[in-house]
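Along the sequence shown, residues are numbered consecutively beginning with 1.
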Amino acid sequence: MTDIWFIGDTHLGHTNILKFLKEDGFPLRPFKSTWEMEGVIFERWCEVVKPEDTVYHLGDVAFTQDALFRMRTLPGKKQLIRGNHDGFSMNTYLDVFDNVYGVKTVDRYWLSHVPMHTCSIGRAKLNIHGHLHAGHVRHPDGMLDKRYYNVSVEQIDYRPINFDSIREYWKRNVSSGI
């Protein structure tokens, strides 16, 4: 049986991301080098993804072509939802990914890099997104908006998350409110 996985914001080859801090002043990513960061991401990817599985990468994949091309070694049928830092040519991405999208719908779940506006989300079960790294979409009163699921690597322990886990989250937290 094949599985579907999600991951976002790997930022492979992005040296400066190791200098970014969270609001509490601690490092956004606890790595000493991009090699260490990539090693952890790749190891955890390989722990869960099988060659026949599908992996949706929700943007901001890599900052160098060499780092991008290292993704070829990872198992799974890779699909890219382009992010704001994915500036290589379409042909470059198609050397690594089977398909490249701006946004995509899978089983009424909307896949995007940047969270999609809530007035549009009524047609979807949930917006699976990246981009926010350490943050979450919140209501004006500060409460977490449970119609969004952030798959930035910082949120998912640098390991792709299975679609079944997200579906379970939707059942527990969102479906009862529809």
Side-chain angles (χ1 to χ4, degrees), residues 1-11 17 20 22-24 26 28-30 40-61 71 74-86 93 96-178:
M1 183 172 145
T2 63
D3 284 322
I4 297 174
W5 301 88
F6 299 95
I7 193 168
D9 299 289
T10 50
H11 284 249
I17 199 161
F20 293 2
K22 297 184 283 186
E23 288 182 13
D24 61 9
F26 286 96
L28 178 65
R29 296 192 179 188
V40 168
I41 292 169
F42 283 26
E43 179 181 308
R44 292 180 182 180
W45 181 304
C46 292
E47 287 173 358
V48 295
V49 177
K50 299 179 295 296
E52 64 273 13
D53 291 346
T54 298
V55 181
Y56 287 96
H57 193 301
L58 300 188
D60 291 0
V61 180
M71 286 198 70
L74 295 173
K77 297 173 185 135
K78 296 178 258 327
Q79 314 291 315
L80 175 62
I81 309 297
R82 280 181 93 157
N84 57 298
H85 290 295
D86 294 324
Y93 289 109
V96 177
F97 292 91
D98 295 315
N99 294 293
V100 178
Y101 305 95
V103 295
K104 179 154 177 69
T105 303
V106 175
D107 191 27
R108 289 190 54 223
Y109 290 81
W110 286 2
L111 314 182
S112 61
H113 174 63
V114 177
M116 298 174 74
H117 195 279
T118 56
C119 71
S120 302
I121 202 167
R123 297 184 184 118
K125 290 180 177 178
L126 198 68
N127 177 207
I128 305 169
H129 66 87
H131 187 66
L132 298 182
H133 295 273
H136 295 281
V137 176
R138 298 192 176 277
H139 294 282
D141 63 4
M143 294 293 294
L144 183 67
D145 190 331
K146 294 180 180 179
R147 299 172 295 173
Y148 295 87
Y149 199 99
N150 185 354
V151 296
S152 294
V153 292
E154 297 90 352
Q155 299 293 322
I156 58 172
D157 196 31
Y158 302 91
R159 170 183 286 106
I161 186 167
N162 192 282
F163 199 10
D164 290 340
S165 295
I166 296 173
R167 286 181 175 124
E168 186 59 37
Y169 169 88
W170 179 80
K171 286 178 192 171
R172 281 191 327 269
N173 295 286
V174 182
S175 68
S176 61
I178 296 178

*Verify the neighbour count for atom NZ of K146: are there more than 12 heavy atoms of other residues, nucleotides or ligands below 6.0 Å?*
no
_R147 side chain reached by N127 side chain, heavy atoms, under 4.5 Å_ = no
_Side chains of R138 and M143, heavy atoms from C-beta outward: is any pair under 4.5 Å?_
no
*Is there a donor-acceptor pair closer than 3.5 Å between any side-chain N or O of D157 and the backbone N or O of R159?*
no
_With a 4.5 Å cut-off on side-chain heavy atoms, are V137 and L132 touching?_
yes
_Heavy-atom side-chain proximity of F42 to L74 below 4.5 angstrom_ = yes
*Spacing of W170 atom CH2 and I128 atom CD1 [to the nearest 0.5 Å]*: 12.0 Å
*Any side-chain heavy-atom pair from Y148 and N150 closer than 4.5 angstrom?*
no
*Step by step, would you call K125 with V174 a side-chain contact (heavy atoms from CB on, under 4.5 Å)?*
CA-CA 8 Å; K125 290 180 177 178; V174 182; over 6 Å; no
*asked:* Would you compute the distance between atom OG1 of T54 and atom CG of D3 and round it to the nearest 0.5 angstrom?
replied: 9.5 Å
*asked:* Is it true that T10 and D60 share a donor-acceptor pair across their side chains at a distance under 3.5 Å?
replied: no
_Test log, rule side-chain contact (heavy atoms from CB on, under 4.5 Å), inputs M116 and H129_ = CA-CA 8 Å; M116 298 174 74; H129 66 87; over 6 Å; no
*Taking everything shown except E47 itself, do over 12 heavy atoms lie less than 6.0 Å from its CD?*
yes
_Atom of D53, atom of V48 and distance for their closest heavy-atom approach_ = OD2-O, 3.9 Å
*Between R167 and F163, is NZ or CZ placed under 6.0 angstrom from the six-membered ring centre and within 45° of the ring axis?*
yes
_Heavy-atom check, side chain of L58 versus side chain of S112, under 4.5 Å_ = no
*To the nearest 0.5 Å, what is the distance between NE2 (H57) and OH (Y93)?*
10.0 Å
*So do the side chains of K50 and T2 get within less than 4.5 Å of each other, counting heavy atoms only?*
no
*Which heavy atom of H113 sits nearest a heavy atom of R82, and at what distance?*
CB-O, 3.6 Å
*So which heavy atom on G59 is nearest to which on D86, and how close?*
CA-OD2, 3.4 Å
_Euclidean distance, E168 CD relative to N162 CG, rounded to 0.5 Å_ = 11.5 Å
*Does a donor on one side chain sit under 3.5 Å from an acceptor on the other, for Q155 and H133?*
no
*For P75 and W45, which heavy atoms make the closest approach, and how far apart are they?*
O-NE1, 2.9 Å
*Compute the centroid of each ring, for H11 and then for H85, and state whether the two points are separated by less than 6.0 Å.*
yes
_Gap separating the CD1 atom of I41 from the SG atom of C46, nearest 0.5 angstrom_ = 12.0 Å
*What distance do I17 atom CD1 and F20 atom CZ have between them, rounded to the nearest 0.5 Å?*
5.5 Å
*Looking only at heavy atoms, what is the nearest atom pair of Y158 and L28, with distance?*
OH-O, 3.6 Å
*Distance-minimising heavy-atom pair for S175 and K171*: OG-O, 3.0 Å
*Could you go step by step and tell me if V153 and I7 meet the side-chain contact (heavy atoms from CB on, under 4.5 Å) rule?*
CA-CA 6 Å; V153 292; I7 193 168; 3.6 Å; yes
*Worked check of side-chain contact (heavy atoms from CB on, under 4.5 Å) between F97 and Q79*: CA-CA 5 Å; F97 292 91; Q79 314 291 315; 5.6 Å; no
_Pair S152, H131: side-chain N/O donor-acceptor within cut-off below 3.5 Å_ = no
*Report yes if some heavy atom in the side chain of Y56 is under 4.5 Å from a heavy atom in the side chain of W5; otherwise report no.*
no
